[in-house]
Amino acid sequence: MYPGMVEDKKACLEQALALHARWEGSGDGRLSVWLGPRPLGSSSAALLKEVATLAREKQMGIHIHFAEVQEDIAFIQQNFGQHPAQLLAELGLLGPCTLVVHGVWLTPEDIDIIKQSGATVVHNPSSNSKCASGICPVPELLAAGVDVALGCDGAPSNNTYDMFWEMKLTACLHKVNKLDPRWCRLKGSLKWQPLTAPGHWA
C-alpha cells in the first residue's frame, strides 16, 4: 500500500469510538457511525477479528469493500484457501449489520453464505465500470434473497455522487449483461428505501 495511506490501528479505532460516542443517534436519529476496515491484503486477519468484536460490543455496523477485483479473490485463495465469504464469516464480519461493498466476484457459494448471514451487498455500478472491475451479480443476489443497496464509491472512482444516475446505470448495465430489457423493473419484491442505522447483531 502507498505509505501515505497506511494508518495506525490504535489511533483509527480510538477515533472511530470517539466519533461513535459523539454522533451516534444524533440528527434526530439519522446519523449512525459504522466501522469501515480495509479489506484483507490491507488489514490483517487479527485486526478484522478485533473490528468484528468491537462492532458487536458497541452495536455498530460494519462497512467493508470486498471481492471488488479478481486480485482480491486470488489473494484470499492463495493465503487462506477459502471462499471469500466463508473467510469473512469466520472472521466474524458477516451479519445483519454488515455492508459488503462491491461484491463483483462473488461465487454462488459466497452468495449463499451472505444470504444466510443477513448482510447487505452494496452495488457500485459507476465505480465498477470506470475501474473495469467487472459486474456485480445483482440478478443472482436478488434471486437468492440477498438485500442489495446502491452506492457511489469514492469520488476518484466515480466523479459524481448522483444516486439517480446509479439507479439508471444499474438498470441499463444488467439489461445489457443479461440481454433482457425487462430486467430490473420495479416489482413488489423490490423495496427502494434509504439505508439507515443497522439492526442488531445476533
Side-chain angles (χ1 to χ4, degrees), residues 1-24 32-107 109-124 127-128 131-134 136 141 146 149 151-157 195 197-202:
M1 180 175 286
Y2 181 73
M5 295 180 67
V6 177
E7 300 173 284
D8 178 74
K9 180 189 84 168
K10 184 174 182 292
C12 285
L13 292 178
E14 288 179 351
Q15 183 181 42
L17 290 176
L19 288 169
H20 182 264
R22 179 174 181 182
W23 297 106
E24 181 67 25
S32 186
V33 177
W34 292 31
L35 296 169
R38 295 185 184 275
L40 280 162
S42 302
S43 298
S44 68
L47 172 58
L48 293 179
K49 286 182 179 179
E50 188 173 346
V51 167
T53 299
L54 187 60
R56 284 168 171 79
E57 289 176 354
K58 299 294 185 179
Q59 287 297 305
M60 300 171 72
I62 294 175
H63 168 284
I64 185 166
H65 288 226
F66 182 69
E68 179 179 359
V69 294
Q70 289 176 304
E71 289 80 3
D72 292 340
I73 309 305
F75 177 86
I76 291 173
Q77 291 175 341
Q78 291 168 8
N79 290 274
F80 299 93
Q82 292 176 290
H83 284 294
Q86 181 183 10
L87 180 58
L88 277 192
E90 287 189 8
L91 293 173
L93 292 167
L94 283 184
C97 301
T98 304
L99 294 182
V100 177
V101 184
H102 295 296
V104 171
W105 295 100
L106 297 174
T107 66
E109 292 82 2
D110 293 320
I111 292 173
D112 184 60
I113 292 169
I114 290 171
K115 165 59 180 173
Q116 297 305 318
S117 76
T120 296
V121 173
V122 183
H123 180 34
N124 298 266
S127 170
N128 296 153
C131 298
S133 301
C136 177
L141 287 163
V146 176
C152 298
D153 205 0
S157 303
L195 186 66
H200 296 284
W201 291 97

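Just so you know, these numbers use all the heavy atoms, side chains as well, and skip hydrogens, waters and symmetry mates.
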Heavy-atom side-chain contact between [X] and [Y] under 4.5 Å:
X: Thr120; Y: Thr98; answer: no
X: Thr107; Y: His83; answer: yes
X: His20; Y: Met60; answer: yes
X: Leu54; Y: Glu57; answer: yes

Please tabulate, for the side chains in residues 5-19, all donor-acceptor contacts under 3.5 angstrom to protein atoms that are two or more places apart in sequence or on a different chain.
unit_1, atom_1, unit_2, atom_2, d
Asp8, OD2, Lys10, N, 3.3
Asp8, OD2, Ala11, N, 2.8
Lys9, NZ, Glu50, OE1, 3.0
Lys10, NZ, Glu14, OE2, 2.5

Quiz item: Should His102 and Ser127 be marked as a side-chain contact (heavy atoms from CB on, under 4.5 Å) after you check the CA-CA gap, both sets of side-chain angles, and the distance that decides it?
Solution: CA-CA 9 Å; His102 295 296; Ser127 170; 3.9 Å; yes
Practice problem: Quick one: do Trp34 and Leu99 satisfy side-chain contact (heavy atoms from CB on, under 4.5 Å)? Show the steps, please. | Solution: CA-CA 10 Å; Trp34 292 31; Leu99 294 182; 3.3 Å; yes
Self-check item: Verdict with supporting geometry, Lys58 and Glu24, side-chain contact (heavy atoms from CB on, under 4.5 Å)
Solution: CA-CA 11 Å; Lys58 299 294 185 179; Glu24 181 67 25; over 6 Å; no
Search all heavy atoms of [X] against all heavy atoms of [Y] and return the closest pair with its distance.
X: Pro39; Y: Ile64; answer: CA-CD1, 4.0 Å
X: Val51; Y: Pro37; answer: CG1-CG, 4.0 Å
X: Gly92; Y: Ala52; answer: O-CB, 3.2 Å
X: Phe66; Y: Leu106; answer: CE2-CD2, 4.0 Å
X: Cys136; Y: Leu141; answer: SG-CD1, 3.7 Å
X: Ala119; Y: Leu94; answer: CB-CD2, 4.1 Å

To the nearest 0.5 Å, how far apart are [atom1] in [X] and [atom2] in [Y]?
X: Leu48; Y: Arg38; atom1: CG; atom2: CZ; result: 12.0 Å
X: Ser43; Y: Lys49; atom1: OG; atom2: NZ; result: 14.0 Å
X: Gln86; Y: Ile114; atom1: CD; atom2: CD1; result: 12.5 Å

Quiz item: Under the side-chain contact (heavy atoms from CB on, under 4.5 Å) criterion, do Val100 and His65 qualify, and how do the steps go?
Solution: CA-CA 6 Å; Val100 177; His65 288 226; over 6 Å; no
I'd like a table of donor-acceptor pairs (distance under 3.5 Å, sequence neighbours excluded) in which one partner is a side-chain atom from residues 72-80, with atom names and distances.
unit_1, atom_1, unit_2, atom_2, d
Asp72, OD2, Glu68, N, 3.0
Asp72, OD2, Val69, N, 3.3
Asn79, ND2, Phe75, O, 2.8

Quiz item: Quick check: does any side chain N or O of Asp153 sit under 3.5 Å from a backbone N or O of Asn124, one acting as donor and the other as acceptor?
Solution: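 Side chain of Asp153 to backbone of Asn124, a donor-acceptor pair under 3.5 Å: no, none is there.
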Quiz item: Is a side-chain donor or acceptor of Asp110 paired with a backbone partner of Ala85 at a separation under 3.5 angstrom?
Solution: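 Yes.
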